> 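Handing you this structure, nothing more for now.
As the structure lists them, so they are numbered: ligands from 1, and atoms in each ligand from 1. Because the structure is predicted, anything quoted here is derived from the model rather than measured. Values below: every heavy atom of this structure, side chains too, minus hydrogens, waters and symmetry copies.
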Amino acid sequence: MPAGSIISRPLFRRETNAPLRAKETEVNTMRRPLVAGNWKMNGDLQLVMQVEECLAEAELGHLDVVICPPFPYLSSFTSDDIAIGGQNLSQYESGAHTGEVSGKMLKAVGCDYVIIGHSERRADNFETNALVADKVERALADELTPLLCVGEPLEIREAGELFEFIAAQLDAVIEHIGIQDMAKLVIAYEPVWAIGTGKTATGEQAQEVHKFIREHLAKRDAGIAENMQILYGGSVKASNAAELFAQPDVDGGLIGGASLSPQDFLGICQAAK
Ligand code: PGA
């Protein structure tokens, strides 16, 4: 048995009965910050332990901290201060779908969240807006909070089609699940040109799109729009997080590369006010 084996850690981290946040539809401008780490296909058991140790020493009671590691590491997280999430789920409840993971399985190993519609899955796995909407519906049926990713490729921004593109990504989900259930989501705006490239959107660019997203939701329900946690993602680092998180419509971040360094991730969490 290799050292640091998973067997030495509890199989199921905790009861996951954290209720799905059914946010009030009245306007409440006190949105709680949320910082989520998306490890993508990186990390190992050692990183699980390092991140838990690093965050355990910090005062992070003012925000929600979520880590989305690859599936095999989900049940190795034991800290009650860190919520965990899948990076994907199947649109199906169960059945003959080799290689897929269901929402129920994620829930059973302690997940409260699941990333849906990440641009890497839209590109690598041909996930369409319609499929993303089906997955959101499935996640809600299994009581997971979807972290719904939207964001434009560079050519769309340069063609001046940014807002239509983002609106179409949002509308596919809104029309599928209905505006009331949007209250159970977290939205992450991740411009594709900023993901993993080191090119972060400026605070102003992020704010412009976050405000658009909130106003787009507000056309259907002002309370849901006001309470929606909207995260920014794309080359967020400890050095630029404070400027991004200071924007009025930016409620935290979805962090890729920098979430693989416990110290950097902690610095980003501390920048969320
Ligand atoms: P990045 O990734 O922080 O490495 O740019 C963000 C993401 O893909 O969620």
> Can you name the atoms of ligand 1, numbered from 1 with element, that are less than 4.0 Å from a heavy atom of Ser235?
1 (P), 3 (O), 5 (O)
> Using distance alone, decide if ligand 1 has a nitrogen or oxygen within less than 3.5 Å of any nitrogen or oxygen in Glu190.
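Looking only at distances, the answer is yes, because the N/O contact criterion of under 3.5 Å is met.
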> Within a strict 4.5 Å, meaning less than it, do heavy atoms of the Tyr113 and Asp64 side chains meet?
yes
> Starting from atom 3 (O) of ligand 1, locate the nearest protein heavy atom and write down its residue, its atom name and how far away it is, to 0.1 Å.
Gly256 N, 2.9 Å
> Give the atom numbers and elements of ligand 1 that come within less than 4.0 Å of a heavy atom of Ala194.
5 (O)
> Does the plane of the ring in Phe163 sit parallel, tilted or perpendicular to the ring in Phe212? Use 30° and 60° as the thresholds.
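Tilted.
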> Between Ile195 and His118, is any pair of side-chain heavy atoms under 4.5 Å apart?
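Sidechains of His118 and Ile195: in contact.
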> Is there a side-chain contact between Ser259 and Ile67 in this structure, where contact means two heavy atoms from C-beta onward sitting under 4.5 Å apart?
no
> Is Arg220 salt-bridged to Glu175, going by a charged N under 4.0 Å from an acidic O?
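Yes.
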> Just let me know how Cys149 lines up against ligand 1, side chain, backbone, both or neither, with a heavy-atom cut-off below 4.0 Å.
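It is neither; nothing of Cys149 touches ligand 1.
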> At a 4.0 Å threshold, what atoms of ligand 1 neighbour a non-hydrogen atom of His118?
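It comes down to these atoms of ligand 1: 7 (C), 8 (O), 9 (O).
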> Which ligand 1 atoms, with their elements, are less than 4.0 angstrom from a heavy-atom of Leu254?
6 (C), 9 (O)
> Between Ile116 and Leu89, is there a side-chain heavy-atom distance shorter than 4.5 Å?
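Contact flag for Leu89/Ile116 side chains = yes.
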> Please report which non-hydrogen protein atom sits nearest to atom 2 (O) of ligand 1, along with the residue it belongs to and the distance in Å to one decimal place.
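In this structure, atom 2 (O) of ligand 1 has Lys40 NZ, 3.2 Å as its nearest protein heavy atom.
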> In the single-linkage hydrophobic clustering (I, L, V, M, F, W, Y; side-chain heavy atoms under 4.5 Å), do Val209 and Phe165 co-cluster?
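Different hydrophobic clusters.
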> Hey, which atoms in ligand 1 end up nearer than 4.0 Å to a heavy atom of Ile195?
2 (O), 5 (O), 8 (O)
> Under 4.0 Å from a heavy atom of Gly234: give me the atoms of ligand 1 that qualify, with their elements.
5 (O)
> Hey, is Glu215 close enough to Lys219 for a salt bridge, meaning N to O under 4.0 Å?
no
> Considering only non-hydrogen protein atoms, determine which one is nearest to atom 4 (O) of ligand 1 and report residue, atom name and distance to 0.1 Å.
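Result: Gly257 N, 2.8 Å.
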> Are any of the N or O atoms of Gly196 closer than 3.5 Å to those of ligand 1?
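Between Gly196 and ligand 1 (N or O atoms, distance only) the closest approach is under 3.5 Å.
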> So, do His216 and Ile166 sit near enough that their side-chain heavy atoms are less than 4.5 Å apart?
no
> Output yes when the distance from some N or O of ligand 1 to some N or O of Ala258 is under 3.5 Å, and no in every other case.
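Between Ala258 and ligand 1, no N or O pair is found under 3.5 Å apart.
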> Quick check on contacts: which atoms of ligand 1 are under 4.0 angstrom from a heavy atom of Asn38?
9 (O)
